[in-house]
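This report refers to the structure that appears directly beneath it.
Letters go in sequence order (proteins before strands), and every chain restarts at 1.
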Protein chains: 2
Amino acid sequence: MTGKNFFGGIFTGAVTYELIHKDKFSQARAGILHTPHGDFLTPIFMPVGTQATVKTLSPEELEQLGAGIILSNTYHLFLRPGAELIKKAGGLHKFMNWSKGILTDSGGFQVFSLGELRKISEDGVTFRSHIDGAKKFLSPEVSVEVQKNLGSDIMMAFDECIPYPADYDYAKKSTERTHRWAERSLAAAKSSLTQGIFGICQGGMYEDLRMESAKVIGTMDFDGCAIGGLSVGEPKDLMYKMMEISVQYLPENKARYFMGLGTPQDLMECVGRGVDMFDCVFPTRVARNGMAMVSPKTSPRGRLVMKNSEFTEDFSPIENNCDCYACKNNFTRAYIRHLVRTDEIFGLRLLTLHNLRYLQKFMSDMRNAILEDRFKDFRADFFSDENL
Amino acid sequence: MTGKNFFGGIFTGAVTYELIHKDKFSQARAGILHTPHGDFLTPIFMPVGTQATVKTLSPEELEQLGAGIILSNTYHLFLRPGAELIKKAGGLHKFMNWSKGILTDSGGFQVFSLGELRKISEDGVTFRSHIDGAKKFLSPEVSVEVQKNLGSDIMMAFDECIPYPADYDYAKKSTERTHRWAERSLAAAKSSLTQGIFGICQGGMYEDLRMESAKVIGTMDFDGCAIGGLSVGEPKDLMYKMMEISVQYLPENKARYFMGLGTPQDLMECVGRGVDMFDCVFPTRVARNGMAMVSPKTSPRGRLVMKNSEFTEDFSPIENNCDCYACKNNFTRAYIRHLVRTDEIFGLRLLTLHNLRYLQKFMSDMRNAILEDRFKDFRADFFSDENL
C-alpha cells in the first residue's frame, strides 16, 4: 500500500479496516488492517518498542516471530533522541530498520503519569522531563507534529488518560476536553496522506460518559478508534463493562484498539466483545523478569517462573509444541533457568522471543476460531482450567 | 573430525596443530587447529562465553560472524549450574547449542583472583564461592573432571597464575608446583579420546623461569601450550619480552595460546612473535560499555565511544567497509548512540556483533598476510598512525 486505501469504494485515508468475518456466537471479529507498510490480520497484538527498539530483539527476529505492527512511544522519542533527529534519519522505520507497521501513541498517557511534574491547560500539557527535568510542552498539535516527524503508519490523537478513581465531574470535564483535543489532533493530522490517525475515547468509569465518548469519537473522521483510560487500576469486571459499552457505540467499519492491554485472558475477553487491536509491555517485561508465558494446559496459571528449582534438570523446551526460536532450537528450561539465574542477556532474549511468539500464535488461533465461528469453544477450552 | 587426529602420520590425540606457513620476515605463522568439533584456522581469536553464553549473542550470530572456537569458564560453570548438570544435559555444546569448538580454562585464574577467599596447598586450592560463600575445592584432578563433564574440545591444565609483582622465590616455587600440577592434569586427562588438553607455562616475570617453564611444559605430552601469567598488570614491554621467551622454547608442532589477551595491537605483537591462539573479554566487555572497535584509519585510537555527541546526527554505519550485521544492515551511529544512551540491550548486541566481527576479520587479514609473507607490511600499515 502506498498511502492510498479504498474501503467499499470510498477513499478513506492511509489506514483502513476491512471486516472479514464476524463470529456467529460472539462479538468477535476477524479483519484486515490496511496500512502504508502492509496489511495486517486482526485481531492483532502489537509488541511495544518504547525507545525505537522492542527490548532485546532485532527487527528480523520480530518479523520472524510474526509481528506485524509495533507500538513506539511519542513521549520517549520526543525526549530522546528527539523527533526532528528521527525525521532527519528518514523516519522511525528507517531509523530502527523496521519495514512493517508502526503505531505511535500520542504521549498523553506518559505525560499524565508524571503526576506532580505536569500541568494541564486547555491548550495542552506543560511537564518536566523525567530524564533531566527540562520543561517541555505537548498539545494535540505538537503531538501530531512529533508523530509526523516519526512517520508512523498510525498516529494517535492527544488525549487525557483519566486516573482511577476520578469523580464524575472531573471525568466529564476531562472527557469533553479530550473530545476538543481530538478535533484539534484530527485537524493537525489531516494534511498527511501517508499516515492514518486514530481517535481515543475516554469517559472514566461512568457508563453515560463512556457511551457519549464512544459516540463522539466514533463519528469523527478518524481511521480507527481506541478505547483509552482503562486498565488503570480498576477492578477487572468494571474494566470489561466499560470496554463493552465503548465498543457498542463505536462504528463497525473502523478498527477498535484497546490501549495497554496484555494478558492472554484479557485479550480473549476483549476480542470476544469486538476489539481488534492491542498493545502491552506485558510479554516483553515479564520476559525480562524471567517469566515464560505458556498455555494453561502446560501450567495452570499460564506462566513459568524460570528461575524456580523445578527446572534445574528439565531438559525440555519451554513449551513442547511451540515454534518460537527458543523452543524450536531446543534451548532447554534448564539452560534458560541457568541464564536467568546468572543475569545473562541471552536468557532475556530467549524469553522475549518465546513470549511474543506465544502471543502472536494465540492471536492467530483466535482469528482462525473466529473465521470458523468457534470462538466460544476456543474461549471455553482456554478457560477450562479452573485454577486460571 | 571425530576425536581421532593424525599429525605427521602419528596419532596424537583429539586436538592437533598443523603448521601451514611461516611468514618469511617474522615469527608469525598460519596453521590449522584440528578439533573434534571442526578445523579452525590460526591465528585465531576465541570469544569468551563465561557462563555458557557469549554475552548478548545467539549461537547462530556467533557462527555468522565467523567465530570458530569459544572459551568458557570452568570456575563459573563449576559453581553454576554445576558440571554434572551440564553433563546430564549432554555436555556444554548441547547445553548451549554450540556446534563448533569450545575451549575451557581450568578455573585456576579465577580461583587465584579470589585473593583472601582461597588457600593453596600442594593438593589443590580450597576457596569460597564468590556467589554464596560455599567452601569449594579445585585441584588438577577436579578441574579435569569438571572439564570432562563439560565436554570441551580443549581442556586446560590446572595452574597457578602468579600475581604481579612476585618475588623470585615465590615465582620459582609456584612455577614448579604448576609443573607438578601439569603432570597431574595430564594424567587425569589421558583417558579421553574426544578431548585434548593444553599445558600452561608460567615463570612470573623472570627470564630463566619463563625459559625453564616453557621447556618443561613444551616437552610434556600436551596437545598445545598456553602462555599464562601475563597481562596481569605488568608493563607492556615486559609482557612482550616474557611472551617472546616463552614462545622461543615452545615446540613448533603444537599450538601456542596466549591466555586473556585482547586488543588488536596486542594480538598483532604476539602473532608476530609466533602465538596462534587468543581469548579475551575485551571486545565483548567494551561493547557493553558502549564502545565500538574500529580500524585506526577510521579513528586514531581504534575505538569509538558511541554515546559521544559527535554521533548524534551521524547516519553512517560504525565502519564503512565492515560486513558485520550492524554495519551491513546500516544500523547507524546515530541509532546506536540512541540505544546506548537509553540503555537498550539491542545496542549492546549490535556493538558486540560489530566488535567480534572486527576481530575475526582482523585475524583473518593477519593470516592472509602471513600466507603471503607480508605480515611486516601489514603490521607497519596498521601501526602507521602515530596517535595509536
Side-chain contact, heavy-atom cut-off 4.5 Å: [X] with [Y]?
X        : Y        : answer
B:Phe78  : B:Glu145 : no
B:Gln195 : B:Ile154 : no
B:Leu304 : B:Ile318 : yes

Can you tell which of [options] has the highest number of heavy-atom pairs within less than 4.5 Å of chain B?
options                              : value
A:Lys94, A:Glu313, A:His338          : A:His338
A:Phe315, A:Phe95, A:Phe346          : A:Phe95
A:Thr312, A:Leu85, A:Val54, A:Asn329 : A:Leu85

**Prompt:** Which one of B:Leu350, B:Ile86, B:Leu57 has the most heavy-atom pairs closer than 4.5 Å to chain A?
**Reply:**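 Maximum pair count with chain A is reached by B:Leu57.
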
**Request:** Could you tell me whether the side chain of A:Arg349 and the main chain of B:Thr56 form a donor-acceptor pair under 3.5 Å?
**Result:**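 Indeed, once roles are kept as given, a pair shorter than 3.5 Å links the two residues.
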
**Prompt:** Any donor-acceptor pair under 3.5 Å linking the side chain of A:Glu61 with the backbone of A:Ser58?
**Reply:** yes

Under 4.5 Å from any heavy atom of chain B, what part of [X] do you find: side chain, backbone, both or neither?
X        : value
A:Leu353 : neither
A:Leu348 : side chain
A:Thr50  : neither
A:Glu344 : side chain

**Request:** Would you tell me whether B:Gln147 and B:Thr104 have side-chain atoms, one donor and one acceptor, within less than 3.5 Å of each other?
**Result:**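 Yes, a side-chain donor-acceptor pair sits under 3.5 Å.
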
**Item:** Engaged part of B:Arg341 at the chain A interface, taking heavy atoms whose separation is under 4.5 Å
**Value:**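 Looking at B:Arg341, backbone and side chain both touch chain A.
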
**Asked** Relative to chain A, which segment of B:Leu79 carries a heavy atom at a distance below 4.5 Å: side chain, backbone, both, or neither?
**Response**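 When you check distances to chain A, no heavy atom of B:Leu79 falls under 4.5 Å.
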
**Message:** Does this structure show an ion pair linking A:Asp323 with A:Lys361, if we count only N-O contacts that are shorter than 4.0 Å?
**Reply:** no

